[in-house]
There are 4 protein chains.
Amino acid sequence: MSGAQERPLRADAARNRARLLDVATEVFTTRGLGVPTEEIARTAGVGVGTLFRHFPTKEALLEAVMVRRLETIKAGLVGIAATAPPDEAFFGCFRLVVEQSMGKNEFTRALTAVGVDVHEALRESSAAIQTQLTEVLAGAQRAGAVRPDLGPPELIALLVGTGATMEQLAGDPAARERIFEVVFDGLRPR
Amino acid sequence: MSGAQERPLRADAARNRARLLDVATEVFTTRGLGVPTEEIARTAGVGVGTLFRHFPTKEALLEAVMVRRLETIKAGLVGIAATAPPDEAFFGCFRLVVEQSMGKNEFTRALTAVGVDVHEALRESSAAIQTQLTEVLAGAQRAGAVRPDLGPPELIALLVGTGATMEQLAGDPAARERIFEVVFDGLRPR
Amino acid sequence: MSGAQERPLRADAARNRARLLDVATEVFTTRGLGVPTEEIARTAGVGVGTLFRHFPTKEALLEAVMVRRLETIKAGLVGIAATAPPDEAFFGCFRLVVEQSMGKNEFTRALTAVGVDVHEALRESSAAIQTQLTEVLAGAQRAGAVRPDLGPPELIALLVGTGATMEQLAGDPAARERIFEVVFDGLRPR
Amino acid sequence: MSGAQERPLRADAARNRARLLDVATEVFTTRGLGVPTEEIARTAGVGVGTLFRHFPTKEALLEAVMVRRLETIKAGLVGIAATAPPDEAFFGCFRLVVEQSMGKNEFTRALTAVGVDVHEALRESSAAIQTQLTEVLAGAQRAGAVRPDLGPPELIALLVGTGATMEQLAGDPAARERIFEVVFDGLRPR
DNA sequence: CATGAATGAGTATTCATTCAT
DNA sequence: GATGAATGAATACTCATTCAT
């Protein structure tokens with residue numbers, strides 16, 4: 001289904017690629033997009049050249065990081081949506097997205113890009129996620145578990161915003177739980 | 001309270017300073033912190049040298065911008081808190097902060113800094129705001145208008161997060177209103 | 001007559017600009033376009049930043065160098081054409097162009113650009129030169145001093161080529177003189 | 001005459017080598033020396049490793065390309081010199097060299113290297129060519145077909161320069177023919 | 001032998017900040 | 001005080017060359 005047939009990639013090359021992605025995810029998340037490519041490469045234990053061989057552009061690296069994130073989220077959403085009843089499914093999905101999206105928000109906000117001028121690779125993952133969310137939202141609304149006047153745009157905005165909220169409470173899980181209560185309460189039909 | 005006696009500043013110098021602050025606010029808000037100092041200076045109609053005379057560092061400029069914002073917010077909060085009944089006061093303040101904090105979030109998030117390692121100048125404004133918010137929150141809780149299990153940290157986090165949410169809905173005022181309903185609903189004791 | 005009104009430029013700035021042009025002319029001519037910008041700046045006694053302030057691009061620097069060269073040539077051509085009889089004018093112009101065009105030919109060949117996709121700034125100078133050459137050629141042909149079957153394209157090609165020839169004989173002025181004889185002889189109607 | 005005994009080279013290795021030479025000739029000629037080795041390898045259908053096995057250096061590849069060119073020219077010269085009368089031989093050789101030397105001149109100019117600091121491999125071919133040219137020149141001069149005051153250096157310079165001239169007239173064969181007339185006329189004793 | 005992944009020095013360009021005019 | 005020219009550290013990206021597979 002995916003376009004270009006990707007050749008298997010030598011074992012060590014794959015390891016390098018993975019390490020680069022891990023490092024990039026880490027630094028982009030915690031320190032923002034300003035981190036020098038060279039540092040990312042060094043931290044991953046490779047030369048800059050290697051980084052640029054795998055990701056021809058810093059932007060491409062960022063994109064790859066995001067795609068991986070989105071794919072993880074997508075898989076999670078699909079799992080939840082498949083097994084849980086509408087009500088639970090909706091709130092479970094909301095939690096999942098928020099928890100997976102925490103981190104330096106300059107980066108997180110990429111989710112925003114949904115629907116905007118995202119690069120091709122991202123578009124697919126984004127679209128899939130949006131579809132999932134739209135479905136669970138509709139399901140929950142049909143089941144009377146969520147206010148009927150909210151559309152997907154509000155949902156996505158709320159996901160992003162709640163992620164930002166959580167970021168502020170990074171050190172206090174109990175407080176985060178209270179925030180979930182607040183938001184979930186607010187989402188239910190009054 | 002501040003150390004050095006601040007000399008009155010010549011009329012044109014004051015005008016320049018103000019123009020710089022206006023321009024900086026505008027560009028930081030809409031285009032983020034990456035905008036070159038030179039461009040800010042040019043847009044304000046002065047040379048870079050002048051910019052650096054008024055604000056010895058780009059960071060200092062940012063700080064000044066934020067202080068002004070915070071002062072505005074503070075004034076607003078004080079006004080509301082003084083005149084409205086607890087319930088109304090709380091939600092009014094919430095609205096005010098969120099609406100004043102919208103804009104490029106990389107920047108807005110400076111509000112976050114509240115309580116962290118902010119620079120001296122900010123600390124004062126921040127503290128005042130935090131005090132105000134703490135008070136209206138307590139008042140509203142005493143009046144039974146807000147869940148009693150929320151503390152100032154959660155409130156602040158929620159303010160930041162709701163700001164982020166609103167940013168996503170920049171073009172749709174009606175949707176933003178619905179978000180306020182959701183959050184306010186969630187904040188009330190169930 | 002020239003487009004943008006160029007402000008006078010501070011004395012030292014003008015000096016730097018001139019030095020940069022001189023250095024660039026020198027190195028481009030003797031060592032080709034591969035010379036690092038940083039080296040050019042250092043040789044001119046300024047920082048890279050200064051170089052890029054005056055010439056926003058390496059290409060822009062090259063262009064400026066060429067424009068200056070072409071302007072010099074143009075002035076020379078005009079002088080000769082105005083005072084000498086057709087025969088002498090033509091051969092004098094030929095000499096002038098060849099002598100001014102010597103140097104690393106990768107660079108010289110810019111003259112070639114005449115008529116191609118040159119940048120705006122060059123186009124003007126190039127066009128003026130081409131016009132001059134076309135005129136002296138026609139004059140000389142009318143006067144029976146040059147074969148009538150040659151057009152401006154052949155003349156220009158021959159100028160470039162003769163420049164290349166001379167480059168090979170950099171150390172031997174007498175040999176160069178003989179080459180002029182050969183070419184001039186060949187240009188006369190048999 | 002050459003030191004190391006050259007092993008016959010496996011059939012496919014030989015094919016690769018040849019393909020690399022062909023591709024390199026093509027790209028160096030049409031696009032200059034800046035073309036990345038990797039692209040050359042890819043175009044030839046081999047990996048970079050293979051390229052560097054055959055030619056330990058990019059420069060070595062360039063050298064090999066030139067040697068082949070020079071060998072071709074040499075063979076041509078020998079053929080002409082052996083069969084034609086002095087007059088014809090000289091002008092035929094001139095034509096041959098010029099026509100074979102056309103192409104991106106940054107590259108062509110390698111011919112220049114004749115007599116300079118060329119690498120060993122080139123020196124041999126260059127020397128042979130120079131010898132041939134010296135001979136046909138002397139022959140033609142003895143036969144009164146060429147000005148007696150020209151030596152091999154002028155001849156070589158003229159060959160290079162005429163090549164450059166021709167490059168400018170790449171699209172116009174008739175013009176090129178006129179250039180030959182001009183140069184040949186000039187070469188004859190007045 | 002062939003492959004292509006890895007390397008890292010090298011290069012153009014940007015931008016906060018300083019300082020002579 | 002104001003100006004804008006000068007500075008140079010920093011950064012993304014390229015490419016010849018090496019070496020593990």
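Chain A is the first sequence line, chain B the second, and so forth, proteins listed ahead of strands; every chain is numbered from 1.
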**Student:** What is the distance from CZ of R17(B) to P of dG1(F), rounded to the nearest Å?
**Tutor:** 12 Å
**Student:** List every contact pair, protein side and nucleotides 19-21 of chain E side both N or O, where the distance is under 3.5 Å.
**Tutor:**
none

**Student:** Mind checking what makes salt bridge (charged side-chain N to carboxylate O under 4.0 Å, His left out) contact with E26(B), not counting sequence neighbours?
**Tutor:** none
**Student:** Please report the distance, rounded to the nearest Å, between CG in L61(D) and C1' in dT17(F).
**Tutor:** 14 Å
**Student:** What pairs with E38(B) under side-chain contact (heavy atoms from CB on, under 4.5 Å), at least two apart in sequence or on another chain?
**Tutor:** R42(B), V48(B), R53(C)
**Student:** In sequence, state the C-alpha distance, the side-chain angles, and the governing distance for V46(B) and L20(B), and then conclude on side chain to side chain contact (heavy atoms under 4.5 Å, CB included).
**Tutor:** CA-CA 8 Å; V46(B) 305; L20(B) 282 166; 3.9 Å; yes
**Student:** Compare side-chain N and O positions of T50(A) against OP1 and OP2 of dT7(E) and report whether any pair is under 4.0 Å apart.
**Tutor:** yes
**Student:** What integer distance in Å separates F52(D):CZ from dT17(F):P?
**Tutor:** 5 Å
**Student:** Give a yes/no answer on whether the side chain of H54(A) brings an N or O atom under 4.0 Å of OP1 or OP2 in dA6(E).
**Tutor:** yes
**Student:** Rounded to whole angstrom units, what separation is found between the CZ atom of R53(A) and the C1' atom of dA5(E)?
**Tutor:** 5 Å
**Student:** Could you check which of dT17(E), dT13(E), dG4(F) has an atom nearest any side-chain atom of K58(C)?
**Tutor:** dT13(E)
**Student:** Among all residues two or more places apart in sequence or in another chain, which pass the side-chain contact (heavy atoms from CB on, under 4.5 Å) test with T72(A)?
**Tutor:** Q100(A)
**Student:** Using the side-chain contact (heavy atoms from CB on, under 4.5 Å) criterion, which residues pair with A60(D)? Sequence neighbours excluded.
**Tutor:** F55(D), P56(D), T57(D)
**Student:** Please state how far atom CG in L20(D) lies from atom P in dC1(E), giving the value in whole angstrom units.
**Tutor:** 14 Å
**Student:** Ignoring hydrogens and geometry beyond distance, is a side-chain donor-acceptor pair present between T29(B) and R69(B) at under 3.5 Å?
**Tutor:** yes
**Student:** Which sits closer to the 5' end of DNA chain E, P56(B) or L51(A), going by the nucleotide each is nearest to?
**Tutor:** L51(A)
**Student:** Can you give the dot-bracket line for DNA chain E, where a pair is Watson-Crick or G-U wobble with both atom distances under 3.5 Å, crossing pairs use [ ], and | marks a partner on another strand?
**Tutor:** .||||||||||||||||||||
**Student:** If you measure from the Lys or Arg side-chain nitrogens to the Asp or Glu carboxylate oxygens, is any gap between K58(A) and E63(A) under 4.0 Å?
**Tutor:** no
**Student:** Under the side chain to side chain donor-acceptor pair (under 3.5 Å) rule, collect the residues that match up with S125(B), sequence neighbours excluded.
**Tutor:** E71(B)
**Student:** Can you name the nearest heavy-atom pair linking T37(A) to L51(A), along with the distance?
**Tutor:** O-CD1, 3.6 Å
**Student:** Just the rounded figure in Å: distance from P of dA2(E) to CZ of R19(D).
**Tutor:** 11 Å
**Student:** Would you indicate what V48(D) reaches in the nucleic acid, counting non-hydrogen atoms under 4.0 angstrom: base, sugar-phosphate, or nothing?
**Tutor:** base
**Student:** Can a side chain N or O of N16(B) be found less than 4.0 Å away from OP1 or OP2 on dG1(F)?
**Tutor:** no
**Student:** Just do the side chain to side chain contact (heavy atoms under 4.5 Å, CB included) check on L33(B) and L62(B) with the steps written out, would you?
**Tutor:** CA-CA 8 Å; L33(B) 306 182; L62(B) 170 61; 4.0 Å; yes
**Student:** Salt bridge (charged side-chain N to carboxylate O under 4.0 Å, His left out) with R68(C): which residues, sequence neighbours excluded?
**Tutor:** D22(C)
**Student:** Without decimals, in angstroms, what is the distance between L33(C) CG and dA12(E) P?
**Tutor:** 11 Å
**Student:** Go through residues 35-45 of chain B and report each residue with a non-hydrogen atom lying under 4.0 Å from DNA chain F, sorted by number.
**Tutor:** none
**Student:** Nearest to the A13(C) side chain among dG1(F), dT7(E), dA5(F), which nucleotide is it?
**Tutor:** dA5(F)
